[in-house]
Amino acid sequence: MAAEILQPSDKAIANAVSILEDGGLVAIPTETVYGLACDAANSDAVARLYAAKGRPSFNPLIAHITDLPAAKREGTFSTTAEELAKAHWPGPLTLVVPVADAHSVCDLARAGLDSIALRSPSHPVARELLKAFSRPLVAPSANPSGKISPTRADHVLTDMGDAVDLILDGGPCKAGIESTIISCLTNPPTLLRPGSFDASAFQAGSTDEAAPSSPGQLARHYAPEARLRLNASAPETGEAYLAFGHSTGTLNLSPSGDLIEAASNLFAMMRELDSKHDRIAVAPIPSEGIGAAINDRLARAAKRD
Ligand code: TXA
Ligand code: MG
């Protein structure tokens with residue numbers, strides 16, 4: 001069923017907050033493009049969001065917050081990072097900083113990185129919603145993978161109407177180009193993605209120490225210490241077993257064989273098994289839908305060099 005488009009009002013914001021609290025997906029206007037928002041702390045909601053985007057891998061998401069104090073609960077700000085935020089927030093500038101110890105944004109939303117991308121949007125509807133929700137919202141551009149970013153509510157309806165629970169209409173986006181992403185993991189900070197904010201003063205950052213592919217690869221992904229064996233129909237002696245579907249395991253990603261539930265459990269279960277075992281066998285995961293992203297993540301985790 002196609003999502004409802006609501007004009008912004010107190011009632012619409014309250015409606016959006018209750019959908020987000022229930023783990024739903026709400027398309028929101030920002031000054032750059034429309035974003036597909038969900039509760040950044042809810043890995044189940046984030047798994048549904050990745051499934052709706054239909055990407056074959058977990059791209060780390062930008063956490064949207066109201067202001068610098070809220071950002072500092074999620075990330076660790078150097079003096080330089082803090083100066084950039086103070087000078088340019090709210091606005092179309094995303095800062096990548098080390099994740100703070102007491103962060104609330106889930107592992108899945110950060111694709112297992114130990115850094116986090118943060119931005120304080122200036123669009124009044126996005127700000128009102130963030131204030132009312134009072135916690136970070138992750139929001140990738142509200143387009144299916146491979147399509148261009150939406151700048152009007154009806155674009156979202158056409159492209160993702162069946163996948164979202166509600167679309168807040170904030171009119172056409174002013175910028176129409178995504179936020180500029182600057183990494184504060186380097187000193188001086190480097191440009192990871194050019195965007196609406198003029199970043200000609202910054203040097204382009206290498207997007208990966210080894211092989212540039214996506215900005216998300218800059219920081220280290222969580223890599224297990226344990227040796228991983230994939231597509232294992234059963235564990236061997238000495239292996240912990242990460243099961244999927246109707247089989248018994250040390251842990252089970254989803255006893256009912258639900259791929260979204262499996263994605264939501266993936267990072268936490270890998271960490272738990274890794275803390276107690278040296279060898280982990282992982283059940284075969286179907287590569288359909290979000291299963292492709294799960295397998296992509298598992299393949300990276302299994303690679304040791
Ligand atoms: O303007 C925007 O930024 C829009 C609106 C909705 O806010 N959002 C957006 O999100 O463009 P998305 O998911 O389409 O792009 C997020 C980018 C990705 O290229 C991702 O790799 C990068 O941010 N990113 C997220 N976390 C990162 C991290 N820890 N390190 C490096 N790059 C990161
Ligand atoms: Mg995008």
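In listed order, ligands and their atoms are each counted from 1.
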Checklist entry - What class does the angle between the rings of Trp89 and Phe77 fall in, given that below 30° is parallel, 30 to 60° is tilted and above 60° is perpendicular? => result perpendicular
Checklist entry - Distance from Leu185 atom CG to Ser115 atom OG, nearest 0.5 Å? => result 5.0 Å
Item to check | Ala117: numbered ligand 1 atoms lying under 4.0 Å from its heavy atoms | outcome: 25 (C), 26 (N), 27 (C)
Item to check | Contact atoms of ligand 1, heavy-atom distance to Ser115 under 4.0 Å | outcome: 28 (C), 29 (N), 30 (N)
Checklist entry - Should one rank Ala139, Ser179, Gly35 by closest heavy-atom distance to atom 8 (N) of ligand 1, which comes out on top? => result Ala139
Item to check | Salt-bridge contact Arg271-Asp274 (side-chain N to carboxylate O under 4.0 Å) | outcome: no
Checklist entry - Going by distance only, is there an N or O of Thr94 that falls short of 3.5 Å from an N or O of ligand 1? => result no
Checklist entry - Backbone, side chain, both or neither: what part of His64 comes under 4.0 angstrom of ligand 1, heavy atoms only? => result side chain
Checklist outcome for this item: Taken to the nearest 0.5 Å, the spacing of Leu61 CG from Leu137 CG works out to 11.5 Å
Checklist entry - Between Thr32 and ligand 1, does any nitrogen or oxygen pair lie at a separation below 3.5 Å? => result yes
Item to check | Lys53 side chain vs Asn143 backbone, donor-acceptor pair below 3.5 Å | outcome: yes
Checklist entry - Near the Mg ion (ligand 2), is there an N/O/S atom from Ser149 that is less than 2.8 Å away? => result no
Next on the checklist: When you measure from the heavy atoms of Arg119 to every atom of ligand 1, does any distance fall below 4.0 Å?
Outcome noted: yes
